[in-house]
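Okay, structure first, notes after.
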Number of protein chains: 2
Amino acid sequence: MNKSAIRATAPHDHTHCQSEALSRAESLCEERGVRLTPIRRKVLELIWNSHRPVGAYAILDHLREGDRGAAPPTVYRALDFLLENGLIHKLESLNAFIGCDHPEDRHVSQFLICTKCGAAVEIQDPAIANAVKKSAGSAGFTVGRLTIELQGLCPNCSKA
Amino acid sequence: MNKSAIRATAPHDHTHCQSEALSRAESLCEERGVRLTPIRRKVLELIWNSHRPVGAYAILDHLREGDRGAAPPTVYRALDFLLENGLIHKLESLNAFIGCDHPEDRHVSQFLICTKCGAAVEIQDPAIANAVKKSAGSAGFTVGRLTIELQGLCPNCSKA
DNA sequence: ACTTAGTTGAGATATTTTAACAAGGGGACC
DNA sequence: GGTCCCCTTGTTAAAATATCTCAACTAAGT
């Protein structure tokens with residue numbers, strides 16, 4: 001079984017996931033010369049609170065709990081920044097966002113979403129991407145963005 | 001090149017697509033003992049006005065042009081019915097709906113969406129579905145709903 | 001200090017979707 | 001034909017998601 005699937009769907013020291021994601025984001029932003037401002041950092045941190053995708057307004061609520069009064073554009077702007085820099089992904093079938101654990105390289109990924117516990121796992125199977133590209137090619141389509149999301153039950157939840 | 005890709009992205013006698021879709025829907029609903037009421041039929045007809053996915057409010061606007069005063073729930077209920085019966089599909093990455101040209105059998109499909117002309121083509125490549133299923137399986141996931149959407153350029157638009 | 005580009009604040013508004021409840025309409029059964 | 005019930009629709013409201021606009025601020029370079 002896939003390593004990130006285990007991490008995401010089984011109990012684990014999640015603080016570690018979160019702090020590692022944050023420090024990677026920091027060095028990556030520095031490298032690229034873009035600014036991981038306090039708001040952006042906070043939003044990323046909130047997204048990394050779990051392996052479950054979060055909606056923009058859930059993030060907004062958490063932001064408001066703290067000191068800052070925030071409005072929707074604040075969150076969406078932070079999300080845009082994080083998306084552009086590959087630090088998070090958007091799950092179209094849920095209108096929700098999830099952290100990316102290898103933002104360093106641009107990549108095409110797929111998502112496995114557990115409808116029971118809500119966890120989502122990012123996988124990267126070249127076979128999937130290739131199958132889609134091949135099929136698109138034979139239909140004469142030029143490939144741009146790819147959205148591949150599966151909803152089902154994670155290993156843990158399908159046991160129960 | 002795939003036949004429905006040609007039909008959807010090149011000029012053609014679209015009235016034919018539309019009327020065939022409607023008559024298929026009628027016989028299918030009769031077969032299943034469900035009611036293709038005037039509203040539902042009208043919504044399906046509007047969706048089949050083109051091969052471009054339509055948003056719920058675009059449909060609503062068209063409905064209102066006619067005699068009926070309609071409210072959002074009217075449209076969404078019709079859409080639910082059509083979705084349940086496989087007569088249309090929802091494109092999650094666009095929040096829009098498109099007609100299905102072979103609603104008779106339950107199927108897993110993928111969509112190729114042209115970001116330039118807006119056309120969308122439904123394809124069914126078992127290789128894609130299988131690749132996803134295989135990958136999900138090896139991550140321990142049970143397969144439920146599958147969302148696969150590609151955005152790119154259709155044959156026509158990539159020529160230009 | 002000055003300028004500029006990028007970022008945030010604030011309020012409003014647009015878009016998409018659902019909830020809740022009343023009312024209508026068509027068939028099955030008596 | 002009447003009556004009951006289920007499915008469908010009307011209507012109002014509101015929840016959930018996302019964007020626009022314009023002003024104020026901040027950081028970084030000159």
Side-chain angles (χ1 to χ4, degrees), chain A residues 25-26 29-47 52-85 87-98 113 118 147 149, chain B residues 25-26 29-30 32-47 52-64 66-85 87-98 118 145 147 149:
Chain A
E26 269 164 15
C29 285
E30 189 167 10
E31 235 172 66
R32 293 188 185 159
V34 296
R35 292 163 53 197
L36 188 64
T37 63
I39 291 182
R40 292 167 177 174
R41 194 182 190 287
K42 183 69 185 171
V43 169
L44 184 60
E45 187 187 330
L46 290 171
I47 290 176
R52 287 184 296 281
V54 220
Y57 276 73
I59 296 170
L60 185 56
D61 289 343
H62 285 299
L63 269 189
R64 282 174 168 156
E65 278 170 16
D67 39 337
R68 330 180 157 280
T74 305
V75 171
Y76 280 98
R77 281 191 289 232
L79 290 172
D80 283 345
F81 171 87
L82 298 171
L83 283 169
E84 273 165 21
N85 285 282
L87 294 162
I88 61 172
H89 296 289
K90 177 171 188 181
L91 299 186
E92 298 288 349
S93 61
L94 300 177
N95 294 319
F97 304 85
I98 190 166
I113 304 162
T147 304
E149 299 172 16
Chain B
E26 269 164 16
C29 285
E30 190 166 11
R32 292 187 185 161
V34 296
R35 291 164 52 196
L36 188 63
T37 62
I39 290 182
R40 290 167 178 173
R41 196 182 188 288
K42 182 70 185 168
V43 169
L44 184 59
E45 188 187 330
L46 290 170
I47 289 177
R52 287 186 295 281
V54 221
Y57 272 72
I59 296 170
L60 186 55
D61 289 343
H62 285 299
L63 269 188
R64 281 175 168 156
D67 39 337
R68 332 181 156 279
T74 304
V75 171
Y76 279 98
R77 281 192 287 233
L79 291 171
D80 282 345
F81 171 87
L82 297 171
L83 284 169
E84 273 165 20
N85 285 283
L87 294 161
I88 61 173
H89 295 290
K90 177 171 189 182
L91 298 187
E92 298 289 349
S93 61
L94 301 178
N95 294 320
F97 303 85
I98 191 166
R145 186 156 70 91
T147 304
E149 299 172 17

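Remember, it's a predicted structure, so these values are computed and weren't measured experimentally. Note on naming: letters A, B, ... go to the chains in the order of the sequence lines (proteins, then strands), and numbering restarts at 1 for each one.
- Here the side chains of I88(A) and F97(A) are in contact, with some heavy-atom distance below 4.5 Å.
- For the pair I47(A) and I59(A), the minimum side-chain heavy-atom distance is below 4.5 Å.
- Under the salt bridge (charged side-chain N to carboxylate O under 4.0 Å, His left out) criterion, the residue pairs touching residues 87-96 of chain A are E92(A)-R145(A), with sequence neighbours excluded.
- Regarding I59(A), its CD1 atom lies at a distance of 15 Å from the P atom of dA16(D), rounded to whole Å.
- In terms of the side-chain contact (heavy atoms from CB on, under 4.5 Å) criterion, residue partners of H62(A) (sequence neighbours excluded) are, by chain and number, L46(A), E65(A).
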Can you check nucleotides 9-11 of chain C for protein contacts, nitrogen or oxygen pairs under 3.5 Å, and list what you find?
{"residue": "dG9(C)", "atom": "N7", "partner": "R77(A)", "partner atom": "NH2", "Å": "2.8"}
{"residue": "dG9(C)", "atom": "O6", "partner": "R77(A)", "partner atom": "NH1", "Å": "3.2"}

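- Residue-to-nucleotide contacts include a donor-acceptor pair under 3.5 Å from the side chain of Y57(A) to the base of dA18(D).
- dT8(C) atom P lies 11 Å from atom CG of L63(A), rounded to whole Å.
- In this structure, N95(A) reaches the dA18(D) phosphate: one of its side-chain N or O atoms is under 4.0 Å from OP1 or OP2.
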Throw together a table of side-chain donor-acceptor distances under 3.5 angstrom for residues 70-85 of chain B, partners on residues two or more places apart or in other chains.
{"residue": "T74(B)", "atom": "OG1", "partner": "A71(B)", "partner atom": "O", "Å": "3.3"}
{"residue": "N85(B)", "atom": "OD1", "partner": "R32(B)", "partner atom": "NH1", "Å": "3.3"}
{"residue": "N85(B)", "atom": "ND2", "partner": "F81(B)", "partner atom": "O", "Å": "3.0"}

Could you go over nucleotides 5-8 of chain D and give all protein N or O partners under 3.5 Å, atom names and distances?
{"residue": "dT8(D)", "atom": "OP1", "partner": "R40(B)", "partner atom": "NH1", "Å": "2.9"}
{"residue": "dT8(D)", "atom": "OP1", "partner": "R40(B)", "partner atom": "NH2", "Å": "3.4"}
{"residue": "dT8(D)", "atom": "O5'", "partner": "R40(B)", "partner atom": "NH2", "Å": "3.2"}

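- Counting heavy atoms from C-beta on, the side chains of P53(B) and N95(B) never come closer than 4.5 Å.
- Annotation: side-chain hydrogen bond (donor to acceptor under 3.5 Å, both in side chains) contacts of R41(B) (sequence neighbours excluded): E26(B).
- The CD-C1' distance, from E30(B) to dG27(C), rounds to 16 Å in whole Å.
- The nearest whole Å value for the distance from the CG atom in L91(A) to the P atom in dA18(D) is 12 Å.
- Rounded to an integer number of Å, the gap from D61(A) CG to dT17(D) C1' is 13 Å.
- If you measure from atom OH of Y76(B) to atom C1' of dA19(C), you get 14 Å, rounded to the nearest angstrom.
- Rounded to a whole Å, the CG atom of L60(A) is 15 Å from the P atom of dT19(D).
- Under the rule for a side-chain hydrogen bond (donor to acceptor under 3.5 Å, both in side chains), the partners of S93(A) that lie at least two apart in sequence or sit in another chain are E149(A), Q151(A).
- One interatomic measurement links the two molecules: CG of D80(B) to C1' of dT18(C), which rounds to 10 Å at whole-angstrom precision.
- For dA18(D), one of the phosphate oxygens OP1 or OP2 lies less than 4.0 angstrom from a side-chain nitrogen or oxygen of K90(A).
- Scored by the side-chain hydrogen bond (donor to acceptor under 3.5 Å, both in side chains) test, R35(A) finds no partners at all (sequence neighbours excluded).
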